[in-house]
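Below: the structure, in structure tokens.
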Amino acid sequence: MTTGPLAGRAILVTRPDGQAAPIASMLSAHGAEPILFPTIAIEPQIDREPARSIVARLDEFDAAIFVSVNAVEQGLACVAAHGRWPARLPAIAVGPSTAQALRSAGLGHVVVPATRYDSEGVAELPELATGTGRRYVIFRGVGGREWLAEVLRQRGAIVEMAEVYGRAIPATDPSELVARWIRGGIDAMIVASSEALANLSTMIGAAGKQHLQCTPTVATHPRIAASARGLGLTKVLESPTGDEEIVRVLVSFFAKVPAGSSHDERP
């Protein structure tokens, strides 16, 4: 019999393929059943020439900023194919998972915010405080958030975007997931981006909407929490981005919920 503080709880994880294993393993260790249902498909950028041009002159930059694990994987693949990583070039990660991906890839000089893991946290780093005459490259997906680049430019820096991947809604049949939801077989879910949540809502359609709205949802940023509430979700739990923190939030929540309760009955 499965034991642990999350025993008997089925947790939906919406991370892209290849990125859910760590949180799934942690959930299982706490007794939960992770349900992996990616709601973002990561696709290599079709037109990679602009990114290749940037990668070929990485020596010109004072720092490279990576906004996600996807940016690390796709960006460093582009570097490996079309250039080299300058030994002197520091890499700035938006958060711990991104920093770990950079270190695992062999980069030694990695900077990460101490507490706030988003663009605002990156902007507060002392390494980026002075912008005049500085050059930065931001590795990101197509159409990513512009806020950080705008702030750095306001400080006098030159900023270029290496858009190394695209995002799409996966072509996955959601009928089995919706059927399980209708049976009350999903106790909570984890979302790490507003786009992932919006895609999930689109994928499950009207048949799953009411079940989505009443499912306890762990959102890893206040913006994501606001997006969730905007979609009508009524039980939004805010958490830091780290997997341990996410699991801690779930454990704390379910400690107050009687075993066997449906999510419609939860506070």
So CH2 of Trp181 and CD of Gln210: to nearest 0.5 Å the spacing works out to 11.5 Å
Margin query: I'd like to know if the side chain of Arg248 and the backbone of Asp243 have a donor-acceptor N/O pair within less than 3.5 Å.
Written below: no
The side chain to side chain donor-acceptor pair (under 3.5 Å) partners of Tyr117 (sequence neighbours excluded) come to none
Residues 129-138 vs side-chain hydrogen bond (donor to acceptor under 3.5 Å, both in side chains), sequence neighbours excluded, gives Arg134-Tyr136, Arg135-Glu160
Hits for side-chain contact (heavy atoms from CB on, under 4.5 Å) against Ala192, two or more places apart or cross-chain, chain-then-number order -> Thr220
Check: Taking NZ, NE, NH1 and NH2 as the nitrogens, is one of them in Arg57 or Asp59 under 4.0 Å from a carboxylate oxygen of the other?
Finding: no
Heavy-atom closest pair (Arg116 atom, Pro113 atom, distance to 0.1 Å) is O-CB, 3.2 Å
### Query
Is Val69 linked to Val110 within one hydrophobic cluster, defined over Ile, Leu, Val, Met, Phe, Trp and Tyr using a side-chain heavy-atom separation of less than 4.5 Å?
no
inquiry  = Parallel, tilted or perpendicular: which one describes the rings of Phe139 and Phe66, with boundaries at 30° and 60°?
reply    = parallel
Practice problem: Answer yes or no: is there a donor N or O on one side and an acceptor on the other, between the side chain of Thr14 and the main chain of Ile190, under 3.5 Å? | Solution: yes
message = I'd like to know if the side chain of Trp85 reaches the main chain of Leu89, judged simply by a donor and an acceptor atom lying under 3.5 Å from each other, with no hydrogens or angles considered.
response = yes
Under 3.5 Å: donor-acceptor pair, side chain of Ser28, backbone of Ala24
yes
| request: Tell me whether Leu177 is reachable from Leu233 by hopping between hydrophobic residues (I, L, V, M, F, W, Y) whose side-chain heavy atoms are closer than 4.5 Å. | output: yes
Of all heavy-atom pairs linking Ile35 and Gly185, the shortest is CD1-O, 4.0 Å
Please tell me whether Met161 and Ile158 are part of a single hydrophobic cluster in this structure, the criterion being side-chain heavy atoms less than 4.5 Å apart.
no
Between Pro90 and Glu127, is there a side-chain heavy-atom distance shorter than 4.5 Å?
no
Same cluster for Val72 and Ile54 if Ile/Leu/Val/Met/Phe/Trp/Tyr side chains link at under 4.5 Å? yes
Nearest heavy-atom contact between Thr234 and Cys214 is OG1-CA, 3.9 Å
Hits for side chain to side chain donor-acceptor pair (under 3.5 Å) against His30, two or more places apart or cross-chain, chain-then-number order -> none
- Are any non-hydrogen side-chain atoms of Leu128 and Val151 less than 4.5 angstrom apart? no
CG of Leu148 to CD1 of Ile65, rounded to nearest 0.5 Å, is 5.0 Å
When every non-hydrogen atom of Val164 is compared with those of Ala71, the smallest separation belongs to CG2-O, 4.2 Å
With sequence neighbours left out, the residues meeting side-chain contact (heavy atoms from CB on, under 4.5 Å) with Pro38 are Asp17
Contacts of Arg155 meeting side chain to side chain donor-acceptor pair (under 3.5 Å) (sequence neighbours excluded), chain-then-number -> none
Is any side-chain heavy atom of Phe254 closer than 4.5 Å to a side-chain heavy atom of Asp187?
yes
Would you list the atom pairs, donor with acceptor, under 3.5 Å between side chains in residues 198-209 and any protein atom, with sequence neighbours excluded?
unit_1 : atom_1 : unit_2 : atom_2 : d
Asn199 : ND2    : Thr39  : O      : 2.8
Thr202 : OG1    : Ala198 : O      : 3.1

Do Met189 and Val13 make a side-chain contact, defined as non-hydrogen atoms from C-beta onward lying under 4.5 Å apart? no
Looking at Glu43 and Arg167, is there a salt bridge between them, counting it only when a charged N and a carboxylate O are closer than 4.0 Å?
no
task = For side-chain contact (heavy atoms from CB on, under 4.5 Å), just list the numbers for Leu6 and Leu250, CA-CA rounded to whole Å, side-chain angles, deciding distance to a tenth of an Å, and then say yes or no.
result = CA-CA 8 Å; Leu6 296 177; Leu250 286 167; 4.2 Å; yes
Can you give the donor-acceptor pairs under 3.5 Å from side chains of residues 222-231 to other protein atoms, not counting sequence neighbours?
unit_1 : atom_1 : unit_2 : atom_2 : d
Ser227 : OG     : Ser194 : OG     : 2.8
Ser227 : OG     : Arg223 : O      : 3.1

CD1 of Ile186 to CD of Glu33, rounded to nearest 0.5 Å, is 9.5 Å
Here the gap from Ile246 atom CD1 to Leu27 atom CG, rounded to the nearest 0.5 Å, amounts to 8.5 Å
Fill in: Non-hydrogen side-chain atoms of Pro34 and Ile11 separated by less than 4.5 Å
no
The complete set of side-chain hydrogen bond (donor to acceptor under 3.5 Å, both in side chains) pairs with one or both residues in residues 169-178, sequence neighbours excluded, reads Asp173-Ser175
| message | With a 4.5 Å cut-off on side-chain heavy atoms, are Val67 and Ser119 touching? | response | no
Closest non-hydrogen contact found for Pro22 with Gln19 is CD-O, 3.9 Å
Hits for side chain to side chain donor-acceptor pair (under 3.5 Å) against Ser68, two or more places apart or cross-chain, chain-then-number order -> Tyr165
What one should report as the nearest heavy-atom pair of Gly166 and Val142 is CA-CG2, 4.4 Å
Using atom types as modelled and distance alone, determine if a side-chain donor or acceptor of Thr215 lies under 3.5 Å from a backbone N or O of His211.
yes
Applied to residues 139-151, the side-chain hydrogen bond (donor to acceptor under 3.5 Å, both in side chains) test, sequence neighbours excluded, yields Glu120-Arg145, Arg140-Glu146, Arg140-Glu163
Cluster link Phe253 to Ile23, ILVMFWY, side chain under 4.5 Å
yes
Compile the donor-acceptor pairs under 3.5 Å between side chains in residues 92-106 and protein atoms, sequence neighbours left out, one pair per line.
unit_1 : atom_1 : unit_2 : atom_2 : d
Gln100 : NE2    : Ser104 : OG     : 3.0
Ser104 : OG     : Gln100 : O      : 2.9

